[in-house]
Peer 1: 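Structure provided below as structure tokens; questions to follow.
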Amino acid sequence: MAIEEFIIKSSVGRVREYDAGDVVFSEGNLPNYYYQIIEGEVKLTNYDDDGKEAIQNIVTAGHSVGEFLLFIDKKYPANAIAISHCKILRISKLKFFKLLEDYPELKMDLIRNLSDSMFLKFVMRQILSIKDPATKLKVLMDHLKGTQDETTAFSFQIPLTRQQMASLTGMRVETTIRALKMMEKENIVKIRNRKIFY
DNA sequence: TCATTAAAGTTAT
DNA sequence: ATAACTTTAATGA
């Protein structure tokens, strides 16, 4: 049984609803809760002086958000903002630790989630260090598509806007658009009425 | 080459 | 209707 089922069953936490754009937590705040997405998507972002957004990660249903901060005494290094309408489970830090004590098997769940996000950190860091825009996008898309690579060309629709791809890779949206058009010419992606297939 | 700015068209809420 | 996203073009580092 997964962590969220335990929490819901024992009703120690509650599910809150968020609309797209709603803030789940803000940079600089002290972490007091464990959050897990039941439905919808959340982005972890930072904003520079000009208000330009850098997306660290997009978290989907079934995953926890910012959980690693419950184990260290630090403030949130990023904002968590709902991208779509979301249902998010929230449980206080204290109750969360109590739950882990009572049900040690949940710790494996937690470790898996942590490992997942750590792996993602490596992928994202690699993408940021790549210079060529098309290569950046290709590595991002490879990651999104999963490891089943070549098997089925153009079978995967990229679940991101060009804007989001730009914010994830550290590029401008115009550069992203140009790179994608190049990639279409080179038969790396297919674009059908603005949808990107890889 | 890519970021930036501007302007205009398109889609989503 | 309004905001968000997409696209093209021009300019500059």
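Naming: A, B, ... by sequence-line order, numbering from 1 per chain. Fair warning: this is a prediction, and the values are worked out from it, not measured in the lab.
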Peer 1: Which atom names give the shortest non-hydrogen contact between A:Met171 and A:Thr175, and what distance separates them?
Peer 2: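 So the two residues come closest at SD-CG2, 4.1 Å.
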Peer 1: Is the phosphate of B:dA3 approached by A:Thr175 (side-chain N or O, under 4.0 Å from OP1 or OP2)?
Peer 2: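 Answer yes for this pair, as a side-chain N or O of A:Thr175 is under 4.0 Å from OP1 or OP2.
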Peer 1: Separation of A:Met165 atom CE from C:dT6 atom C1', in whole Å?
Peer 2: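 After rounding, the gap between these two atoms is 14 Å.
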Peer 1: Mind calculating the distance between NZ (A:Lys181) and C1' (C:dA9) to the nearest angstrom?
Peer 2: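 Value for this atom pair: 12 Å.
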Peer 1: Once you round it to whole Å, what is the distance between P of B:dT1 and CD1 of A:Ile130?
Peer 2: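 Going from A:Ile130 (CD1) to B:dT1 (P), I get 18 Å.
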Peer 1: To the nearest angstrom, how far is A:Lys136 atom NZ from B:dC2 atom P?
Peer 2: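 Result: 10 Å.
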Peer 1: How long is the line joining CG of A:Leu180 and P of C:dT7, in whole Å?
Peer 2: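 Those two atoms, CG and P, are 8 Å apart.
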Peer 1: Measure the distance from CG on A:Asp48 to C1' on B:dA3 and round it to the nearest whole Å.
Peer 2: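 Distance check: A:Asp48 CG to B:dA3 C1' gives 13 Å.
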Peer 1: What is the separation between atom CD on A:Glu53 and atom P on C:dA4, rounded to the nearest whole Å?
Peer 2: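 Taking atom P of C:dA4 as the reference, CD of A:Glu53 is at 11 Å.
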Peer 1: Counting side-chain heavy atoms from CB outward, which of C:dT7, B:dC2, C:dC5 is closest to A:Gln163?
Peer 2: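 Given the options C:dT7, B:dC2, C:dC5, the side chain of A:Gln163 is closest to C:dC5.
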Peer 1: Given C:dT6, is OP1 or OP2 found less than 4.0 Å from the side-chain N or O atoms of A:Arg162?
Peer 2: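 Yes, within the criterion.
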Peer 1: Specify the separation, in whole Å, of atom NZ of A:Lys52 and atom P of B:dA3.
Peer 2: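 In whole Å, B:dA3 P and A:Lys52 NZ are 7 Å from each other.
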Peer 1: Give the nucleotide from the list B:dT10, B:dA12, B:dT4 with an atom nearest to the side chain of A:Arg178.
Peer 2: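 When the side chain of A:Arg178 is considered, B:dT4 is the closest of B:dT10, B:dA12, B:dT4.
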Peer 1: If you look at every heavy atom in A:Lys93 and A:Leu70, which pair is closest and at what distance?
Peer 2: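 The pair with the smallest heavy-atom distance is CE-O, 3.5 Å.
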Peer 1: Using the benzene-type ring in the case of Trp, are the ring centres of A:Tyr35 and A:Phe25 under 6.0 Å apart?
Peer 2: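 Centroid separation for A:Tyr35 and A:Phe25: below 6.0 Å.
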Peer 1: Looking only at side-chain N and O atoms, does A:Arg194 come under 4.0 Å of OP1 or OP2 in C:dC5?
Peer 2: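 No.
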Peer 1: Does any non-hydrogen side-chain atom of A:Lys75 lie less than 4.5 Å from one of A:Asn29?
Peer 2: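 A side-chain contact under 4.5 Å is absent here.
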Peer 1: Is there a side-chain polar atom (N or O) of A:Arg172 under 4.0 Å from OP1 or OP2 of B:dT4?
Peer 2: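 Yes, such a contact exists.
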Peer 1: Check whether the ring centres of A:Phe154 and A:Phe197 lie less than 6.0 Å apart, and answer yes or no.
Peer 2: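 When the ring centroids of A:Phe154 and A:Phe197 are compared, they turn out to be at least 6.0 Å apart.
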